[in-house]
Amino acid sequence: MSSKILITGASSGFGKLTVLALINDGHTVAAAMRGVAGKNKEAAAELSDAGASIVEIDVTNDDSVNTGVSKAIEAMGGLDIVINNAGVGVINMQEHFTIEDFKKVMDVNVYGVQRMNRAALPHLRAQQSGLIIYISSLLGRMVLPFYGPYNASKWALEALAENYRIELAGFGVENAVVEPGGFETNFFGNLIQASDQSRNESYGEFMNAPQQMGEAFGETLANSPDQKPEKVVEAITALVNMQKGQRPFRTVVDHIGMGEPITAFNEHLEGIMKGVYANFQMPEMLGLNKS
């Protein structure tokens, strides 16, 4: 069945590939991005030619989000699914990131999702149906060094999604989290560096560690033919195309060694959640998502 879908961060990476895949599957898609007439002009034109409605949304701005979501609903004649894909990453020693650096990351990865949900949910709740997909990360379940603010933002995103899952269960709105590992996209080329470089020398040789880890990870990706962005797109489109009530809450996408243990961790946590909610006499609040 065809759905009306709004996706953020559609100018590149997972977002752009997902827009094209969803259109190919017969869905109506509004592709949201910044700089429609500027830096993302070519991407906007390409997606428009493919059949997407293009909407300008800066997820860090309340007015931009509210206006953009309204325009998307108008362009598509409704809204069934929101895919919160926009995100930013970082690389450096966590100590070197200032509070302003943390705010920039959280403003996109966490507050941006909250802005989008607040704009879309009155519509979804009113129709008593809908799906919100969150593009998280395996680093929302565990941490790797040198991604400090990013790790923190994705852990926060996971909690945000858990809360919405529970609070929206009675309104017919499903929530689902996709947790990719590291994939070769332009994401890694746009990582935010820490603003405070004054402490570098005090870290000595360890300051070389982030670059060394990045180079090693690049080699791993180069030698991992199954770790392709299309695998993440396939996971997203599979969730979109599933029947209501059949969607898993969390979907892990990784083929380089982190996927299996994180999947096991997620399954264990799901069991704990179900046990706790049963003990508190409210298992129905988890009823829309099956493990």
Side-chain angles (χ1 to χ4, degrees), residues 4-11 13-15 18 30-34 55-73 79-90 97 99-141 147-180 187 192 236 239-240 247 249-251 273 285-286 288-289:
K4 297 167 183 176
I5 304 168
L6 170 60
I7 177 170
T8 62
S11 64
F14 297 146
T18 300
M33 65 188 76
R34 298 180 300 164
V55 290
E56 178 105 23
I57 291 182
D58 177 354
V59 298
T60 68
N61 182 282
D62 289 4
D63 291 339
S64 176
V65 169
N66 292 331
T67 300
V69 171
S70 294
K71 288 183 177 180
I73 292 173
L79 178 64
D80 302 308
I81 299 172
V82 175
I83 304 176
N84 286 301
N85 171 70
V88 295
V90 306
F97 288 96
I99 295 301
E100 289 304 313
D101 292 334
F102 266 82
K103 287 179 179 178
K104 288 178 183 178
V105 176
M106 292 290 184
D107 208 13
V108 176
N109 293 359
V110 183
Y111 310 150
V113 173
Q114 175 68 351
R115 290 185 184 99
M116 288 295 299
N117 285 5
R118 278 177 51 81
L121 276 170
H123 179 87
L124 299 182
R125 284 189 294 101
Q127 66 189 21
Q128 288 285 299
S129 68
L131 169 65
I132 302 173
I133 296 176
Y134 307 81
I135 309 304
S136 181
S137 169
L138 295 188
L139 299 187
R141 312 304 282 151
Y147 303 123
Y150 180 77
N151 292 330
S153 73
K154 290 303 185 180
W155 280 57
L157 177 63
E158 294 273 347
L160 194 79
E162 284 276 16
N163 243 27
Y164 273 122
R165 169 197 187 184
I166 295 159
E167 293 178 3
L168 296 174
F171 295 92
V173 180
E174 291 186 287
N175 290 261
V177 180
V178 177
E179 297 169 343
F187 178 83
I192 297 171
I236 296 170
L239 286 169
V240 167
R247 298 177 176 109
F249 178 58
R250 285 188 170 93
T251 300
M273 289 282 288
M285 296 190 80
L286 295 175
L288 284 182
N289 295 281

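In this text the structure is predicted, and so the values were computed from the model without any measurement.
A search for side-chain contact (heavy atoms from CB on, under 4.5 Å) contacts involving E158 returns S136, R141, V177, E179, R250, not counting sequence neighbours. S11 pairs by the side-chain contact (heavy atoms from CB on, under 4.5 Å) definition with M33, N40, A43, not counting sequence neighbours. For Y150, the ring pair (Phe, Tyr, Trp, His ring centres under 6.0 Å) criterion is met by F187, not counting sequence neighbours. Residues forming a side-chain hydrogen bond (donor to acceptor under 3.5 Å, both in side chains) with N109 (at least two apart in sequence, or on another chain): S153. For N151, the side-chain contact (heavy atoms from CB on, under 4.5 Å) partners are L139, V143, Y147, not counting sequence neighbours. Residues satisfying the side-chain hydrogen bond (donor to acceptor under 3.5 Å, both in side chains) criterion with T60, sequence neighbours excluded, are D58. The side-chain hydrogen bond (donor to acceptor under 3.5 Å, both in side chains) check on E167 picks up nothing, with sequence neighbours excluded. Annotation: side-chain contact (heavy atoms from CB on, under 4.5 Å) contacts of A72 (sequence neighbours excluded): L6, A30, V55, M76.
Contact record, V108 with G87: CG1-CA, 3.8 Å, taken as the closest heavy-atom pair. Nearest heavy-atom pair across N175 and A161 is CB-O, 4.4 Å. The minimum heavy-atom distance between V90 and F97, with the atom names listed, is CB-CZ, 3.7 Å. Closest heavy-atom contact between T8 and A86: OG1-N, 2.9 Å.
The closest side-chain heavy-atom distance from E162 to F249 is below 4.5 Å. With contacts defined as side-chain heavy-atom distances shorter than 4.5 Å, the pair V88/K104 does not qualify. Between T251 and L239 there is a side-chain heavy-atom pair separated by less than 4.5 Å. Residues N84 and I135 have side chains not in contact (no heavy-atom distance under 4.5 Å, counting atoms from C-beta outward).
A distance of 11.5 Å separates CD1 of I192 from CZ of F102, quoted to the nearest 0.5 Å. In this structure, CD1 in I7 is found 4.5 Å from OG1 in T18, a value given to the nearest 0.5 Å. How far CG of L124 is from CD of E174: 11.5 Å, rounded to the nearest 0.5 Å. Rounding to the nearest 0.5 Å gives a distance of 4.0 Å between CD1 of I132 and CG of L121. Interatomic distance, CG of L157 versus CE of M106, reported as 10.0 Å (0.5 Å rounding). Taken from CZ in R247 to CG in L131, the straight-line distance is 4.5 Å, to the nearest 0.5 Å.
Contacts classified as side-chain hydrogen bond (donor to acceptor under 3.5 Å, both in side chains) and involving residues 61-71 (residues at least two apart or in different chains) are given here: D62-R115. Residue pairs meeting the side-chain hydrogen bond (donor to acceptor under 3.5 Å, both in side chains) criterion with at least one member in residues 122-133, sequence neighbours excluded: H123-Q127.
Taking the six-membered ring where tryptophan is involved, the planes of Y134 and Y164 are essentially parallel, since the angle between them stays under 30° and well short of 60°.
Under a 3.5 Å cut-off, the side chain of N85 and the backbone N or O of G9 do form a donor-acceptor pair.
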